[in-house]
Amino acid sequence: MEKTEMEQQSQQSAYLGTQPIGKLLLKFSVPCVLAMLVSALYNIVDQIFIGQGVGYLGNAATNVVYPFTVVALALALLIGDGSAALLSLSLGMKDLKTGRRCVGAGILLTAAIGVLLMILGFALFDPILRLFGVTEACYPYARDYMTIILIGIPFYVVTSGLNGVIRADGSPAYAMVSTLLGAVLNLILDPVAIFVLDMGVRGAAAATVVGQVASCLMTVLYFRRPKSVTLSADSFRIGGKIAGKICQLGISSFITQIAIVVIISVANNLIGRYGPQSPYGADIPLSVVGIVMKVFGIVIAFAVGIAVGGQPIAGYNFGAGDYRRVFQVYERVILANAVVGIVATLLFEFCPQVIIRLFGSESELYNQYAVLCFRIFLGGILLCCIQKASSIFLQSIGRPVKATLLSLSRDVIFFVPLILIFAWKGGVTGMLWAAPATDVLSFLLTLVLIAGERRALLKGHSV
């Protein structure tokens with residue numbers, strides 16, 4: 001039985017080691033980019049409709065709640081991306097037992113984490129809002145928004161985590177459609193709830209939760225019959241060794257998302273401290289930085305989507321020992337990310353007003369700070385795209401320490417001290433320069449780590 005299953009699996013996944021890399025990347029990365037983009041749009045669609053229907057205080061409130069949803073995403077990707085990476089490596093090594101167990105563990109762990117986060121969110125409601133920089137003016141909006149968003153957290157965690165496993169199982173289009181389903185529902189229901197039913201931020205949150213429930217149902221249904229492994233009761237026995245390996249491989253994705261929480265939390269609290277001393281006050285920068293982070297998330301969705309799409313290809317070939325092909329995948333991924341970064345840079349530097357107007361018409365001071373934020377804070381987006389993709393690549397070939405270091409370098413090691421220094425020197429305007437400075441430093445570290453990995457793997461290996 002095991003031999004027959006192995007033969008079937010070999011036929012199903014062997015194409016990852018033989019088909020042209022460009023063709024494979026299109027197959028995996030395009031659905032992955034769309035899925036990641038749609039996921040990023042969940043929050044930004046809320047911001048657009050809230051900006052038009054409620055105003056900048058409503059957007060400031062969603063910025064305060066946003067870090068908690070990112071914590072949920074971080075934990076989802078810790079398990080989901082770790083399970084996906086382990087599944088790809090296991091398929092390359094023809095280790096079906098580990099493949100089955102990592103899928104089963106991924107399903108159980110994401111469900112448990114989602115429920116636990118919802119309970120903690122309700123139990124620590126006000127402390128969470130204070131931690132993420134809520135102001136007195138936007139507190140009522142943040143309270144209403146978060147109360148409903150917490151209900152959808154378990155569904156959000158399961159969908160976000162298991163999407164990566166579905167892609168690694170060879171079904172990127174299914175993963176895309178499951179995410180797209182929720183986003184379309186959210187897009188349809190948002191204006192109805194906000195404008196027709198006059199529910200304000202509560203309506204935006206309710207629309208999001210409905211979409212998350214629909215996506216989750218479709219995601220879970222996939223695992224009735226996955227492609228590469230056959231699940232049984234034994235697959236759902238979570239051992240310490242398999243859970244540890246999953247977390248080890250997924251830690252880079254976890255840190256990447258947690259770092260966003262750190263960035264937003266530090267920035268929000270610095271705005272609360274230095275904003276009143278500036279012409280902009282605190283609520284304008286709080287709203288603008290939230291919007292800019294969401295737009296940043298869209299660009300990174302492209303970058304990460306391309307890199308994650310290459311993950312099953314790189315992981316399979318690494319497991320099979322074809323190291324030259326592994327780095328050919330990396331080169332294609334970086335080229336595509338460079339294109340994304342250049343287009344984004346041109347957009348942010350030369351026409352930020354086009355993006356700003358999507359979120360409503362506000363005061364001249366608001367628009368002035370928004371333009372500065374786009375042009376300065378996102379000035380190093382090209383380097384950031386390359387760095388993010390490189391971290392995911394290192395994760396996909398089983399290099400969690402290097403991947404983690406790369407993730408930490410940009411968003412914690414370099415960014416946090418720099419934003420504290422720049423805010424101390426230049427207030428809410430000066431703090432914006434921390435991001436491009438961080439991008440330069442982390443890009444240099446990326447060059448060092450990738451070059452070292454390439455030399456180590458290709459030396460003495462002929463394919």
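Donor-acceptor pairing under 3.5 Å is lacking for the side chains of Y156 and S215.
Just one residue in the list I450, I413, L405 forms a side-chain contact (heavy atoms from CB on, under 4.5 Å) with L445, and that residue is L405. When L408, I419, D439, L441 are each tested for a side-chain contact (heavy atoms from CB on, under 4.5 Å) with F414, only one passes: L441.
Inter-residue side-chain proximity for E453 and I397 is flagged as met; some heavy-atom pair is nearer than 4.5 Å. In this structure, the side chains of S390 and L406 come closer than 4.5 Å at one or more pairs of heavy atoms. In this structure, L77 and F254 have side chains that are not in contact, with every pair of non-hydrogen atoms separated by 4.5 Å or more. Contact check for T208 versus Q212: side-chain heavy atoms found under the 4.5 Å cut-off. Using a 4.5 Å cut-off on side-chain heavy atoms (C-beta onward), V428 and Y369 make contact. Under the 4.5 Å side-chain criterion, counting only non-hydrogen atoms from C-beta, I128 is in contact with M146. Annotation: side chain of V289 is not in contact with side chain of F377 (no heavy-atom distance under 4.5 Å).
S442 and S409 get closest at one heavy-atom pair: CB-OG, 3.8 Å.
Taking CD1 of I284 as the reference point, atom OH of Y366 lies at 8.5 Å (rounded to 0.5 Å). In this structure, OG1 on T110 lies 12.5 Å from CZ on F155, to the nearest 0.5 angstrom. Within the model, atoms CG of L24 and CD1 of I313 stand 4.5 Å from one another, a figure rounded to the nearest 0.5 Å.
Taking the six-membered ring for Trp and the full ring otherwise, the centers of F393 and F327 sit less than 6.0 Å from each other.
For CZ of R375, the number of neighbouring non-hydrogen atoms (other residues, nucleotides, ligands) closer than 6.0 Å is greater than 12.
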